[in-house]
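Just so it is clear, the structure is predicted and the values come from calculations on it, not from any experiment. Reckoned from all heavy atoms, side chains included, excluding hydrogens, waters and symmetry mates.
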Amino acid sequence: MNELSDGWFSEISPMWDGVALSIEIEEHLFSWKSEFQRIDVYKTRTCGNMLVLDGIIQATELDEYAYQEMLTHIPMCAHPNPERVLVVGGGDGGVLREIGRHDCVKRIDICEIDAKVIEVSKRFMSSMAVGFDDSRVSVHIADGAEFIADRIGFYDVIIVDSSDPIGPGEALFQSPFYEKMKSALKADGVIATQGESFMLHGDVVKSLMDICGKLFKHAAYACILVPTYPGGHIGTCVCGMSRDPREPTRKLPPEIQKNLRYYNSEIHKAAFVLPQFAKRLFNRDK
Ligand code: SPM
């Protein structure tokens, strides 16, 4: 099976072997081979513009809000007063857009390895890239693990919005990176990382949860429904240095909540309720 056939894009990966999500496209808007990966943008028939890296769907205009809101507002609301926030990856700007809704934030650093992803998102995915317009944002084009190495005890919240662990995102799923993130957090810091799907690749999610369980006082996995990710599902691994991130410490004010489509305080708590096989997988229940 080819990635492009009869006007349809199919997402093919060994991470979901033998299964492929297909989306009907109207136009191939952009294609570029950067230093790190192939970047494609499609105009789809029913999902708006779609950003694809190395053949893997990163975001569609139809449903990007679900992932970006949950990956952002869970850690941000688990922390009582996040002032310094770091995004690793997230070059489309969607997570920046969500962080920017929080007035308590004073500084937002984003460390994206591939400058071309930012450039392309500003051109074709403007509803997400609007996040770069916030004056609190500083952009760093660098490797995430190297960037955080000398920022000891600096951040309240770190959000890792990575691609899958095949390609430039691979190191972001390994223990040394999590050790560096822990060092870069303040004593009451919170992290949230792209946690993959326990339905499709339990081994990847279990490895992530094992790493986090050893390093952090609290580590938990929250589910997010995203129709244009394989299986219609992804998760986030959320860790707290001192407090349990499953419980929001702040409720978003009505003027912010009214602009959100997925996150609220109820789903913050409910997203951490796991099916039995996942509890077993994470050794939370035999
Ligand atoms: N800001 C959006 C960037 C997307 N980052 C996550 C992409 C994950 C793509 N693969 C999902 C595979 C399902 N486990």
Side-chain angles (χ1 to χ4, degrees), residues 15-16 56 58 63-79 82 87-90 94-95 98 144 157-166 169-175 177-179 181-182 185 188-249 262-286:
M15 282 186 71
W16 40 92
I56 305 301
Q58 301 300 307
D63 59 9
E64 53 84 9
Y65 66 91
Y67 171 80
Q68 326 267 20
E69 288 185 16
M70 291 291 273
L71 188 67
T72 304
H73 300 302
I74 289 179
M76 293 296 285
C77 292
H79 195 288
V87 181
V88 177
V95 168
E98 296 306 318
V157 170
I158 301 176
I159 298 172
V160 183
D161 179 15
S162 69
S163 48
D164 296 327
I166 296 176
E170 190 178 354
L172 306 183
F173 288 80
Q174 294 168 356
S175 192
F177 177 64
Y178 281 83
E179 287 163 27
M181 272 204 288
K182 183 179 176 184
L185 284 174
D188 59 352
V190 179
I191 66 164
T193 68
Q194 196 268 85
E196 298 291 357
S197 165
F198 54 44
M199 298 294 293
L200 291 173
H201 21 259
D203 52 339
V204 176
V205 184
K206 179 169 171 43
S207 155
L208 205 54
M209 290 297 291
D210 285 349
I211 291 168
C212 292
K214 283 182 193 137
L215 286 172
F216 293 91
K217 183 171 180 196
H218 300 278
Y221 180 94
C223 302
I224 312 166
L225 301 177
V226 185
T228 59
Y229 285 155
H233 166 260
I234 199 164
T236 172
C237 178
V238 194
C239 307
M241 297 279 279
S242 65
R243 60 174 58 81
D244 187 343
R246 291 176 296 182
E247 199 58 41
T249 63
Y262 196 109
Y263 178 89
N264 58 41
S265 294
E266 291 75 38
I267 205 161
H268 180 135
K269 290 184 259 191
F272 290 99
V273 177
L274 300 175
Q276 194 62 26
F277 77 89
K279 287 168 90 171
R280 278 193 205 110
L281 185 69
F282 304 153
N283 294 322
R284 299 289 198 275
D285 195 338
K286 304 293 166 203

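- Across all non-hydrogen atoms, the minimal contact from Leu215 to Ser175 is CD1-O, 4.4 Å.
- The backbone N or O of Ile166 sits nowhere less than 3.5 Å from a side-chain atom of Asp164 that would complete a donor-acceptor pair.
- Atom OG1 in Thr193 sits 11.0 Å away from atom CD1 in Ile158 (nearest 0.5 Å).
- Of all heavy-atom pairs between Gln194 and Leu71, the closest is N-CD1, 4.0 Å.
- Here the closest heavy-atom approach between residue Ala192 and residue Pro75 is recorded as CB-CG, 3.5 Å.
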Test side chain to side chain contact (heavy atoms under 4.5 Å, CB included) on Val160 and Met181 and set out the steps.
CA-CA 10 Å; Val160 183; Met181 272 204 288; 3.6 Å; yes

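- Evaluation of the salt bridge (charged side-chain N to carboxylate O under 4.0 Å, His left out) rule for Glu196 yields no partner, not counting sequence neighbours.
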Might you work through the side chain to side chain donor-acceptor pair (under 3.5 Å) test for Asp161 and Tyr67, ending with a clear yes or no?
CA-CA 10 Å; Asp161 179 15; Tyr67 171 80; 2.6 Å; yes

Before you tell me yes or no, could you show the steps for Phe177 and Val88 under side chain to side chain contact (heavy atoms under 4.5 Å, CB included), namely the whole-Å CA-CA distance, both residues' side-chain angles and the distance that decides it to 0.1 Å?
CA-CA 11 Å; Phe177 177 64; Val88 177; 4.2 Å; yes

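- Heavy-atom minimum distance, Pro165 versus Phe173: CB-CD1, 3.5 Å.
- Closest approach of Val204 to Met15, counting heavy atoms only: CG2-CE, 4.4 Å.
- Between atom CD of residue Gln68 and atom NE2 of residue His73 there is a gap of 9.5 Å, rounded to the nearest 0.5 Å.
- In this structure, CZ on Phe272 lies 7.0 Å from OG1 on Thr236, to the nearest 0.5 angstrom.
- Formation of a donor-acceptor pair under 3.5 Å by the Glu69 side chain with backbone atoms of Tyr262 is found in this model.
- Under the side-chain hydrogen bond (donor to acceptor under 3.5 Å, both in side chains) criterion, Ser162 pairs with no residue at all, not counting sequence neighbours.
- Remark: Ser242 pairs with no residue by the side-chain hydrogen bond (donor to acceptor under 3.5 Å, both in side chains) rule, at least two apart or across chains.
- For Phe198, the side chain to side chain contact (heavy atoms under 4.5 Å, CB included) partners are Val205, Tyr221, Cys223, His233, Leu274, Pro275, Phe277, Ala278, Leu281, Phe282, not counting sequence neighbours.
- Contacts of Leu200 classified as side chain to side chain contact (heavy atoms under 4.5 Å, CB included), with partners at least two apart in sequence or in another chain: Trp16, Ser197, Pro230.
- Ala271 and Met70 make their closest contact through CB-CE, 3.6 Å (heavy atoms, listed as atom of the first residue, atom of the second, distance).
- In this structure, CG on Leu208 lies 4.0 Å from OH on Tyr178, to the nearest 0.5 angstrom.
- Annotation: the span from Lys182 atom NZ to Met241 atom CE amounts to 6.0 Å, rounded to 0.5 Å.
- Residues forming a side-chain hydrogen bond (donor to acceptor under 3.5 Å, both in side chains) with Asp210 (at least two apart in sequence, or on another chain): Lys206.
- His201 places a side-chain heavy atom less than 4.5 Å from the side chain of Asp203.
- Once rounded to the nearest 0.5 Å, the distance linking SG of Cys212 with CD1 of Ile191 reads 5.0 Å.
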